[in-house]
Amino acid sequence: MSYCEIGKRTEKEGTVLYTDEQAERFAVERGAKPRPKEIKNEIDERGAFVRQPNHFTAAFGEEEGQLKAESGRYHLLWAKGCHWSNRASIVRELLGLEDAISVNIVDSTGESNIYGWGFPDDENFEDPVLGIKFLSEAYYNADSGYEGRCTVPALVDVTTKKVVNNDYHRLTNYLEVAFKPFQSKDAPDIYPSELRKEIDEFNDWLFPNINNAHYRMAFCQSLTAYQEAYEDFFRAMDELEERLSRNRFLFGDYVTDSDIRFFVTLARWDTHYYRNLGPQQKRVVDYENIWAYARDLYEIPAFRNNTYFRDFSKGRGNKENLFADFNTRFVDQIPYEEYWSQPQSRKELSATPNEKFYR
Ligand SMILES: N[C@@H](CCC(=O)N[C@@H](CS)C(=O)NCC(=O)O)C(=O)O
């Protein structure tokens, strides 16, 4: 079971439950296959987690053979717990692409999620735009021989119901560049052309050291691999703490694509990831600059609106169990909103204290 399913809600409004039996029945109807397991298929000989490569990586652009950005043609599927896909949901809203790209949130199917992501919160457990009951249907529509995990983010063509892109490395960049004609008039430029090379290099460093570090620690099967990931993460956090002592955002006075990638991991560290990882050197709130920076970003509506702390912090256990974990017992009482809204004075670092964006 993926670690991104911690925020699962099997209970729909009212008392309708999505049971394993229903999921099984739907799976037979729709030809869904049990989801492959990371800890079986994505572990190398050293016990380290090696993430499956993205399968649908066609680029958006104007060149021959590239995907064409269009308004109303694509549907973004993402999951509240999943930071890879949370990036795209934040960028979609930040750039005002809501009318151009429709969206839905996936969640676990049945109590055990044997068949992977589906639509437990939608009528008939079906995505209203695509009419699918499992995310995997859109993957198999695009490639009937696909054998990997069916993951979010997934951008699906609503005319063919096929996944066209699940490349979390580049998806936000396509929304920033290729979808520019459909952005709102006052959309910020979070991927300015003069910084693109630097942002790309930074993002490539951020991926193993910060974004994937949690999964490297959570899925690995040897202590050596765990320690490598642990050390990489805390070394990177120290570097970023220092960088953010001088800069309001990672690239100076304005929010860029990299800030979104860092934020989505930070939002989940103390709330959700720490529970899988064992004792940690420091919490995010122990880094003075990083913690204030995260709150500065959280003030921006697109960040706030797409961050569901309570859903992704929830445990899978039962409160009544002896030694139920902390979040299972207290998640409903933790004032996440209050913690994350505490004032900070990051604007003092900026030449444009009242403007967080380059337009
Ligand atoms: N596309 C990447 C990263 C995205 C990813 O892992 N998404 C997770 C959620 S954080 C997912 O959708 N998992 C569903 C599954 O494995 O069935 C991958 O294939 O590993």
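Ligands are counted one by one from 1 in listed order, and the atoms in each one are counted from 1 as well. For clarity, every value in this text was computed on a predicted model and none was experimentally measured.
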Point to revise | Selected option - heavy-atom contact closest to atom 9 (C) of ligand 1, from Gly81, Ala154, Cys82 | key: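 Going through Gly81, Ala154, Cys82 one by one, Cys82 has the nearest heavy atom to atom 9 (C) of ligand 1.
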
Check your understanding: Nearest non-hydrogen atom to atom 2 (C) of ligand 1 belongs to which of Tyr215, Tyr168, Trp84?
Key ->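 Checking each option, the heavy atom nearest atom 2 (C) of ligand 1 is found in Tyr168.
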
So does [X] pair up with [Y], basic N to acidic O under 4.0 Å?
{"X": "Glu241", "Y": "Lys282", "answer": "no"}
{"X": "Arg235", "Y": "Asp232", "answer": "yes"}
{"X": "Lys197", "Y": "Glu201", "answer": "yes"}
{"X": "Asp200", "Y": "Arg170", "answer": "yes"}

Less than 3.5 Å between some nitrogen or oxygen of [X] and one of ligand 1, yes or no?
{"X": "Val152", "value": "yes"}
{"X": "His83", "value": "no"}
{"X": "Thr151", "value": "yes"}
{"X": "Arg149", "value": "yes"}

Check your understanding: In chain order, what residues pass the side chain to side chain contact (heavy atoms under 4.5 Å, CB included) check against Ala59, with sequence neighbours excluded?
Key -> Gln66, Tyr174

Exercise for review: Kindly compute the distance separating NZ (Lys161) from CD1 (Ile132), expressed to the nearest 0.5 Å.
Suggested key: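 Reported value, rounded in 0.5 Å steps: 8.5 Å.
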
Where ligand 1 meets [X] - atom numbers and elements under 4.0 angstrom, heavy-atom basis:
{"X": "Asn54", "result": "1 (N), 2 (C)"}
{"X": "Arg35", "result": "15 (C), 16 (O), 17 (O)"}
{"X": "Gln52", "result": "18 (C), 19 (O), 20 (O)"}
{"X": "Cys150", "result": "14 (C), 15 (C), 17 (O)"}

Point to revise | Part of Ala79 within contact of ligand 1 (heavy atoms, under 4.0 Å) | key: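 For Ala79, no heavy atom sits under 4.0 Å from ligand 1.
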
Practice item. Report the part of Phe56 (side chain from C-beta onward, or backbone N, CA, C, O) that has a heavy atom under 4.0 Å from ligand 1; answer both or neither where that applies. Key: neither

Point to revise | Whether Phe60 and Tyr74 hold their rings parallel, tilted or perpendicular, with breakpoints at 30° and 60° | key: perpendicular

Point to revise | By ring pair (Phe, Tyr, Trp, His ring centres under 6.0 Å) - contacts of Tyr191 (at least two apart) | key: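 Residues passing ring pair (Phe, Tyr, Trp, His ring centres under 6.0 Å) with Tyr191: none at all.
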
